[in-house]
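Per chain, numbering begins at 1; letters A, B, ... match sequence-line order.
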2 protein chains.
Amino acid sequence: MRLSTKGRYAVTAMLDLTLNGNDGPVTLAEISETQGISLSYLEQLFAALRSKQLVKGVRGPGGGYYLGRSADEISIADIICAVDEWVEFTRCGGNRDCHDGKRCLTHNLWDDLSNEIFSFLQSITLAELVERGGLKEHGCRKEQEKDPLMPRADTEAA
Amino acid sequence: MRLSTKGRYAVTAMLDLTLNGNDGPVTLAEISETQGISLSYLEQLFAALRSKQLVKGVRGPGGGYYLGRSADEISIADIICAVDEWVEFTRCGGNRDCHDGKRCLTHNLWDDLSNEIFSFLQSITLAELVERGGLKEHGCRKEQEKDPLMPRADTEAA
DNA sequence: ATAATTACCTAGTTGTTTACTTGGTTATAA
DNA sequence: TTATAACCAAGTAAACAACTAGGTAATTAT
């Protein structure tokens with residue numbers, strides 16, 4: 001799993017599409033204006049999204065984009081995987097010798113974790129995000145009153 | 001949250017440390033050999049990890065690194081945040097005008113999702129990963145027999 | 001038909017990040 | 001005193017991020 005700003009742009013744009021796609025298609029120019037993303041960069045992102053059938057484009061005046069399928073059938077993982085190239089991390093293809101299995105043990109652990117992150121993001125749909133106005137009640141993590149917000153920007157690596 | 005290959009290297013190295021740190025400190029040379037990461041790159045990663053007290057270095061012969069605190073007190077989020085600089089995504093600081101609140105709505109949704117991903121990774125410790133030999137039983141996702149493995153490398157963006 | 005509008009496409013370009021190399025300096029155990 | 005390790009600084013090729021420029025193709029409005 002790879003989670004970069006590129007993926008964020010894509011998720012944000014798709015979120016915009018979900019929110020504003022009720023009355024006709026949404027133009028990239030609108031998304032560019034509203035979300036502060038350059039038009040051509042959006043075009044690149046939407047080329048990837050389109051190739052995965054996550055969006056459908058309508059040409060000509062009055063055209064634009066709408067979701068390729070229902071918002072409850074598009075997961076965050078779908079979006080991120082579409083724009084962020086999947087990079088295989090473990091270079092030991094399956095069950096090689098791999099330094100007496102020691103290296104592969106660590107790799108398997110990482111793979112399990114990576115799968116977990118992936119299926120977590122796969123379990124969140126655009127519809128869920130929009131309907132609930134957030135994810136406060138998502139999954140099994142509802143009794144979490146500590147509310148651990150993002151760490152502040154005081155993370156200066158000396 | 002940012003999840004790049006750099007973070008993977010760090011998690012993998014910390015996993016190695018957890019697995020092999022029982023009998024004395026582990027040298028970076030060993031991790032480099034076992035995990036296939038260059039020594040100097042490890043040094044950079046461990047400089048960041050050290051500044052966050054996630055590891056402690058012991059100099060001289062017989063030296064190396066061991067965990068800065070107990071493996072059940074180090075989360076995956078801790079590790080990733082230490083090496084991957086935290087980048088603020090939403091440039092609208094808090095409650096600005098922000099295009100009639102429309103843009104901020106999308107941003108708030110993204111923030112909620114981002115928080116969710118973060119606290120998810122924060123809920124997984126090194127000890128958990130190692131003890132269970134994976135995460136099959138983690139959290140609320142135990143009845144998941146479809147076992148959605150990583151998407152194959154057939155994600156060629158046309 | 002013609003013009004405007006939009007998606008769609010290709011090729012750059014600048015700055016940052018990755019992952020690594022080289023070449024050191026310090027602390028410590030044998 | 002010497003080998004071993006952590007620690008530190010600087011540089012580098014390759015990849016990536018985010019953007020610009022300049023198109024072509026389809027569709028609607030005039």
Nucleotide [N], atom [atom2] - distance to [atom1] of [X] in whole Å:
X	N	atom1	atom2	value
B:Lys6	C:dT16	NZ	C1'	11 Å
B:Arg2	C:dT16	CZ	C1'	9 Å
B:Leu45	C:dT21	CG	C1'	15 Å
B:Lys56	C:dT28	NZ	P	13 Å
B:Glu30	D:dA5	CD	P	8 Å
B:Gln44	D:dA10	CD	P	13 Å
B:Leu39	D:dC7	CG	P	12 Å
A:Tyr41	C:dT13	OH	C1'	14 Å

Kindly say whether [Y] contributes a backbone atom to a donor-acceptor pair with the side chain of [X] at under 3.5 angstrom?
X	Y	value
A:Glu30	A:Thr27	yes
A:Thr125	A:Ile74	no
A:Thr34	A:Ile31	no
B:Ser119	B:Gln122	no

Heavy-atom protein contacts under 4.0 Å, nucleotides 22-30 of chain D, coded B base, S sugar-phosphate only, - none:
---BSBB--
Short side-chain N/O contact to [N] OP1/OP2 from [X], under 4.0 Å:
X	N	result
A:Thr5	D:dA18	yes
A:Arg8	D:dA18	no
A:Arg50	C:dC8	yes
B:Tyr65	D:dA5	no

List in chain and number order the residues that pass salt bridge (Lys or Arg N to Asp or Glu O under 4.0 Å) with B:Arg59, two or more places apart in sequence or in another chain; answer none if no residue qualifies.
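Partners of B:Arg59 by the salt bridge (Lys or Arg N to Asp or Glu O under 4.0 Å) criterion come out as none, since no residue qualifies.
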Toward the 5' end of DNA chain C, by each residue's nearest nucleotide, A:Ala47 or A:Gly63
A:Gly63
Apply ring-ring contact (aromatic ring centres under 6.0 Å, His included) to A:Tyr66 and list each qualifying residue two or more places apart in sequence or on a separate chain.
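Not a single residue meets the ring-ring contact (aromatic ring centres under 6.0 Å, His included) criterion with A:Tyr66.
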Do the charged groups of A:Asp78 and A:Arg69 touch, with an N to O distance under 4.0 Å?
yes
Select base, sugar-phosphate, or nothing to describe what B:Leu28 touches, counting heavy atoms under 4.0 Å on all strands.
sugar-phosphate
Looking only at side-chain atoms of A:Thr27, point me to the closest of D:dA17, C:dA19, C:dA7.
C:dA7
